Amino acid sequence: MYDLAVNISYQKFIMSDTSFKSISEIIFKNDSVILENVSDFDIAPTFECGQCFRFDRLDEKTYFGVAQGKEISITQDKKTVVLQGITAADFNNFWFDFFDLGRDYGKIRKELSLIHPVLEKAAAYAPGIRILKQNPWEALCSFIISQQKQIPGIKMTIARMSEAFGEKTGKAYTFPCAEKLARLELSDLDFLKLGYRDRYILSAAKMVSSGEINLENIRAMPVQDARKELMKICGVGVKVADCTLLYGLQRLDAAPVDTWMKKAEQLFDGGFPFLESPYAGIAQQYIFHYIRSGQIN
DNA sequence: GCCCAGGTATAAA
DNA sequence: TTTATACATGGG
């Protein structure tokens, strides 16, 4: 049973009278939280669909990662998910929202599936994908780094950058804050072999730490304005801007279109009919994962 | 060596 | 407004 003394965000979800429930029961232990009968939640595609770079697969069922300065191990066995190494308060204050557990992905998936048969197939391929609520600054930097790189390389670069300039969390490190990076020189980043991206990172750090760019203000802006504001940062084009919005600012109406998505475009007769959906970003994620997994061609 | 990678800045048409 | 090219680095 739940410890009602630590009631926070999840309780609203548990107590809600809507018919949907993505978890039937939440069990708190000393240093772990057990989610029973999860629906529309599959950790493997969630961590491996290209949306995040700080979670590593330890074995068939377990991933380890860092967010919000905290380490976590996540193990899934069918419909049971165990979040290891966290407190009840951590879960209620952070991880519940990080995994977007209050959102009805089943309902969203059904809505999206009506839009186009290819989208229906893509969503059915990995229905357990959830869009993680990542830190905005970390998401911005991650996708600046991501340009013209492959995912393993992106992960390596971010890990080394965190180790060098972040805070120790135990066996891992947080992603360095903008203020910390803003104090560095380009030569301090040489060992990361960022190439032409090094100046993008430093200038973004300066703009964010000075307040010239305010990510929290951008969160609430209409999507075109938000995109335009993010693109004031050198090295941020429409793709990185949309990734920052979707993965860092919980803007599910932003849908990054990249080389993989362009491969998918022909399947939709030359355009993406879901782009106007409030859940365009989720649709994009289903399709990206589907195409990249080699399900088509 | 050659080509591509979850792109973007810049210049030219 | 649209299209072409350079850009650092690593991996197949």
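Quick note on labels: first sequence line is chain A, next is B, and so on, each numbered from 1. Keep in mind that this is a model prediction, so the values were computed, not measured.
Nucleic acid contact class of A:Ile233 (heavy atoms, under 4.0 Å, all strands): sugar-phosphate only.
The same atom, P, is picked in C:dT5 and in B:dC4; the two are 14 Å apart, to the nearest Å. Spacing between C:dA8 and B:dA11 at atom P, rounded to whole Å, works out to 15 Å. C:dG10 and B:dA9: their P atoms are spaced 23 Å apart (whole Å). Straight-line distance between the P atoms of C:dA6 and B:dC3: roughly 14 Å, to the nearest whole Å.
Between the C1' atom of B:dT8 and the CD1 atom of A:Ile201 lies a distance of 13 Å, rounded to the nearest Å. Between A:Ile145 atom CD1 and C:dT9 atom C1' the separation is 13 Å, expressed in whole Å. Atom C1' of nucleotide B:dG6 and atom OH of A:Tyr286 are separated by 19 Å, given to the nearest angstrom. Atom CG of A:Leu230 is separated from atom C1' of B:dT8 by 15 Å (rounded to the nearest Å). We find that CE of A:Met231 is positioned 15 Å from P of B:dG7, with the value rounded to whole Å. Per the geometry, CD belonging to A:Gln150 stands 13 Å off P belonging to C:dG10, to the nearest Å. The nearest whole Å value for the distance from the NZ atom in A:Lys263 to the P atom in B:dG6 is 8 Å. Spacing between atom CZ of A:Phe143 and atom P of B:dA5 amounts to 17 Å, rounded to whole angstrom units.
Regarding contacts with the backbone of B:dG7, every side-chain N or O of A:Ser146 stays at 4.0 angstrom or more from both OP1 and OP2.
Aromatic stacking is not marked for A:Trp260 over B:dG6, as the cut-offs of 5.5 Å for the centres and 30° for the planes do not both hold.
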Please write out the pairs of protein N or O atoms and N or O atoms of nucleotides 10-12 of chain B separated by less than 3.5 Å, giving the distance to one decimal.
none

Dump the pairs, protein N or O against N or O of nucleotides 1-8 of chain C, anything under 3.5 Å, distances to one decimal.
residue: C:dA8; atom: O4'; partner: A:Tyr196; partner atom: N; Å: 3.2

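Every pair passing ring-ring contact (aromatic ring centres under 6.0 Å, His included) that includes a residue from residues 101-123 of chain A is listed here, sequence neighbours excluded: A:His116-A:Phe268. Residue pairs satisfying the salt bridge (Lys or Arg N to Asp or Glu O under 4.0 Å) criterion with at least one member in residues 42-68 of chain A, sequence neighbours excluded, are listed as follows: A:Asp56-A:Lys155, A:Arg57-A:Glu60, A:Lys61-A:Asp77.
Environment of NZ in A:Lys168: crowded, with over 12 heavy atoms of neighbouring residues, nucleotides or ligands closer than 6.0 Å. In A:Glu179, the CD atom is crowded: over 12 heavy atoms of neighbouring residues, nucleotides or ligands sit closer than 6.0 Å.
Taking every heavy atom of residues 235-258 of chain A and every atom of DNA chain C, no pair lies under 4.0 Å. In the region residues 43-58 of chain A, proximity to DNA chain C at under 4.0 angstrom, judged on heavy atoms, holds for none of the residues.
Minimum interatomic distance between A:Val223 and A:Ala254 (heavy atoms only, all atoms of both residues): CG2-CB, 4.3 Å.
A:Ile131 pairs in a side-chain contact (heavy atoms from CB on, under 4.5 Å) with only one of the listed residues (A:Tyr279, A:Tyr247, A:Phe99), which is A:Tyr247.
Taking 4.0 Å as the cut-off between side-chain N and carboxylate O, A:Asp100 and A:Lys133 do not count as a salt-bridged pair. Under 4.0 Å is where a charged nitrogen must lie from a carboxylate oxygen, and between A:Arg219 and A:Glu216 at least one such pair does.
Atom CD1 of A:Ile287 is separated from atom NZ of A:Lys263 by 15.0 Å, given to the nearest 0.5 angstrom.
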* Please report the C-alpha distance between A:Phe175 and A:Val66 in whole Å, then the side-chain angles of each, then the deciding distance to 0.1 Å, and finally whether the side chain to side chain contact (heavy atoms under 4.5 Å, CB included) criterion is met. => CA-CA 9 Å; A:Phe175 187 80; A:Val66 183; over 6 Å; no

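In this structure, the side chain of A:Asp198 does not engage the main chain of A:Leu194 through any donor-acceptor pair within 3.5 Å. No donor-acceptor pair closer than 3.5 Å links the side chain of A:Thr169 to the backbone N or O of A:Thr174.
Criterion: ILVMFWY side-chain heavy atoms under 4.5 Å apart, direct or through other members. Under it, A:Phe55 and A:Ile86 are part of a common hydrophobic cluster.
When only modelled atom types and interatomic distance are considered, A:Asp31 and A:Gln84 share a side-chain donor-acceptor pair under 3.5 Å. There is a side-chain donor-acceptor pair under 3.5 Å between A:Thr87 and A:Asp90.
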